[in-house]
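Computed from heavy atoms alone, side chains included, the values below leave out hydrogens, waters and symmetry copies. Proteins get letters first, then strands, A, B, ... in listed order; numbering begins at 1 in each.
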Amino acid sequence: MVVRVIVRKNTYRDSVTLMKISNEASRLDGVSQAAVIMATPTNKQLLKDVKLLTDEAEKASPNDLIIALDAQNEEIMKSAISEVDRLLSARETAETEVLPKTLDSALRLMPDANLVMISVPGDFAKREALKALRKGLNVFLFSSNVPVEQELELKKISREEGLLMMGPDCGTAIINNIVLGFGNVVSQGSIGIVSASGTGLQQVSTLIHERGLGISQAIGTGGNDLSGTVGGIMMIEGIKLLEEDEKTQAIVLISKPPDPKIGEKVLEVASRCKKPVVVNFIGGEIDVIRKGGCVAATILEDAARIVCALVQGKKPEKTIFTIPKKRITSIANTESSKLSRMQKYIRGLFSGGTLCYETLVILAPLIGNVRSNTPLKPDYKLEDVNASKKHTCVDMGSEEFTVGRPHPMIDFTLRKRRIIQEAKDPETAVVLLDVVLGYGAHQNPAAELVPSIAEAKTAAEQSGRFLSVVASVVGTPEDPQDLRKQKRKLEEVGVIVMPSNAQAARIAALVVTRGAVEEKLFG
Amino acid sequence: MSKRENLLNKKLKVINIGIETFVQDLKRQGVEVVHVDWRPPAGGDVEILKLLDKLEEGVDSPERDCSKRLASKQ
């Protein structure tokens, strides 16, 4: 074995590009491990943990790039290094001869630019966003780990200047039918969305698309917008903007339960809106929303269903499953009949934080409180995020899993490992997953997950058990990954694929309780 | 019409700073985009950067005040 750690001075690449290069290098014959990372303090610590932090690497600055390789012999090492160098020089933007280094020089190339997308590390994000706002440009700020005080400062400026300040930590938006960040290909239409949740926006917009309607604009606010500090500035400005937008007939607001005072403030603005507003503060107080004169939806699918009915002039119908009850109970019975007595728990492994949260909200009244790294009640916080206990749902997109590595919608490594881990636990009955498609997400999530799901099912089988795997796929057939193809691939290895996150959670509850919650569900 | 409303009625023209794959996603949707070859300023040293920002603010602010005053007169 040959191990080598190389520092390339003044070579900066973003984390997604580096993850792709690391993955490609790991797949080379004779290479057992490959890490191509920036020399940030976090990454250096990671190298130290695996005893690969050389003196040179320790001295490297965050502007320097570290290549760490473990290869079978010197010859393989040489070719692996040259392959990494080749990948590093192959830029996505290859056709542009000289790339500008700053916003100012970019503006010289595109003087009429009207939006800046920023996804630099959090420490530098405010600086770039501020420059853009001062130039009179709208901002989509994807970066996370930006302090709320900085967010407030940016949003105050954007409000004064009449500019959009989407984010920080804004995963998705759809402006003029263009997807920004992580988002799905949906029809253009008359429903406007303002969302503090990226995957929430994705779930609602795809379900609206599935019902044959479309999106006028979908404005992301970033997850902290409705906090006490930020005060809902972007959500309020978003409502006003959509109220004036001729193409928008109805508006959906999406957020996890907000700070109560800020929630009230937002509802006050929403209730004065001349257009109908459906409010989905996932699991939040419905009465408060209704009292404010808005239409309340408890979960994401309800928000999509209700707003579609409003636009079509129909009465919204309550839906538990969009598949006939007989078929649902038959699927659930078949799955649960194969479980052993020991198998009692749901293990949810999510890439979408809001989808995880929504699952907790749906499962609590059916099977009791579920443990999580983002629980509904503090008492149910997982002691160790890497070890499930009883019913557990883990948001694998949260900080403890993403430091030093890309989001689980792109990098499936940890989730695949966890699926196998859960399968080996004799108490696991159902593994519950979300699969998120669209721009920004992995090119073929099903191809990543299928081998691990098959391995997990085999591992359970070898121990005399059956492992039930339930998933929902957030996407559309028009997405680059094609919803139908992804669904088919998952079903081929025995995954029960449901039309929404909510329905996946409900059928998982039916399976794990051997049908005992049927009455609670269907009434 | 505010710049915000203006954006909703205009063709998007984007400057991308950071993750390079966003450029491809935007181009696939027919959006004109310029990618900035960004790297951490001040060698990535956050403390030095804070000092630089303070300096810049000091230099910048009279100009900004001036441009604001001009704008309000128009």
Side-chain angles (χ1 to χ4, degrees), chain A residues 10 12-17 20 38-40 61-63 91-93 96 99-103 105-107 109-110 112-121 123-124 127-128 132 134 136-138 142-143 158 161-164 175-181 217 237 241 244-245 247 439-440 480, chain B residues 1-57 59-61 63-68 70-72 74:
Chain A
N10 281 317
Y12 180 84
R13 293 288 182 278
D14 67 79
S15 60
V16 177
T17 303
K20 283 185 177 171
M38 294 312 299
T40 60
S61 87
N63 250 335
R91 309 289 300 256
E92 304 253 1
T93 42
T96 322
L99 292 175
K101 304 268 186 214
T102 63
L103 177 63
S105 43
L107 275 168
L109 290 175
M110 192 189 263
D112 54 348
N114 46 23
L115 179 82
V116 183
M117 271 183 86
I118 302 167
S119 50
V120 301
D123 283 338
F124 310 98
R127 201 169 193 269
E128 299 301 331
R134 283 178 179 162
L137 295 162
N138 296 282
F142 184 83
S143 314
S158 75
E161 300 289 328
L163 292 163
L164 282 175
I175 304 293
N176 306 341
N177 208 31
I178 301 294
V179 173
L180 304 174
Q217 304 286 348
E237 294 303 307
L241 186 61
E244 296 307 317
D245 176 46
K247 288 177 190 148
Y439 285 115
Chain B
M1 186 183 279
S2 81
K3 292 167 194 162
R4 224 169 11 218
E5 286 163 75
N6 203 16
L7 183 75
L8 300 196
N9 295 307
K10 255 194 172 173
K11 201 173 156 193
L12 284 194
K13 295 195 91 175
V14 180
I15 292 174
N16 182 57
I17 309 176
I19 298 174
E20 219 171 323
T21 48
F22 287 155
V23 174
Q24 285 314 107
D25 287 344
L26 287 168
K27 282 187 178 168
R28 232 180 277 160
Q29 298 178 79
V31 179
E32 271 184 69
V33 51
V34 170
H35 179 66
V36 174
D37 186 16
W38 184 90
R39 55 194 63 217
D45 190 320
V46 180
E47 292 310 312
I48 292 183
L49 195 66
K50 276 182 196 161
L51 290 173
L52 277 178
D53 279 345
K54 267 189 192 163
L55 271 175
E56 263 181 35
E57 266 175 40
V59 174
D60 256 344
S61 55
E63 276 177 35
R64 275 205 301 278
D65 287 351
C66 180
S67 65
K68 268 194 179 168
L70 281 173
S72 64
Q74 281 171 353

> Where do Pro41(B) and Arg127(A) come nearest, in terms of heavy atoms and distance?
Replying inline: CG-NH1, 3.8 Å
>> Going by the rule side-chain contact (heavy atoms from CB on, under 4.5 Å), which residues pair with Ile48(B) if we only count those two or more places apart in sequence or in a different chain?
In response: Ala42(B), Asp45(B), Leu52(B)
> Within the distance-only criterion (no hydrogens, no angle test), does the side chain of Asn176(A) pair as donor or acceptor with the backbone N or O of Lys11(B) below 3.5 angstrom?
Replying inline: no
> Is there a donor-acceptor pair closer than 3.5 Å between any side-chain N or O of Glu20(B) and the backbone N or O of Asp14(A)?
Replying inline: no
> Looking at residues at least two apart in the chain, or sitting in another chain, which of them share a side-chain contact (heavy atoms from CB on, under 4.5 Å) with Lys13(B)?
Replying inline: Met110(A), Asp112(A), Asn114(A), Glu32(B)
> Rounded to the nearest 0.5 Å, how far apart are CZ of Phe22(B) and CZ of Phe142(A)?
Replying inline: 4.0 Å
> With a 4.5 angstrom heavy-atom cut-off, which part of Asn177(A) approaches chain B: side chain, backbone, both or neither?
Replying inline: backbone
> Does the side chain of Val179(A) come within less than 4.5 Å of Asp25(B)'s, by heavy atoms?
Replying inline: no
>> With heavy-atom distances below 4.5 Å as the criterion, would you say the side chains of Leu180(A) and Leu26(B) are in contact?
In response: yes
> Which atoms of Val14(B) come close to chain A, meaning under 4.5 Å heavy atom to heavy atom: side chain ones, backbone ones, both, or neither?
Replying inline: both
> Checking Asn63(A) against chain B: side chain, backbone, both or neither under 4.5 Å from a heavy atom?
Replying inline: both
> Are any of the side-chain heavy atoms of Asp123(A) and Leu49(B) separated by less than 4.5 Å?
Replying inline: no
>> Is Ser105(A) close to chain B through its backbone or its side chain, or both, or neither, when contacts mean heavy atoms under 4.5 Å?
In response: neither
> Can you find a heavy atom in the side chain of Val33(B) that is under 4.5 Å from one in the side chain of Met117(A)?
Replying inline: no
>> Testing Leu241(A), Leu163(A), Ile175(A) one by one against Leu7(B) for a side-chain contact (heavy atoms from CB on, under 4.5 Å), which residue passes?
In response: Ile175(A)
>> Please classify the contact between Ser158(A) and chain B as side chain, backbone, both or neither, with a heavy-atom cut-off of under 4.5 Å.
In response: backbone
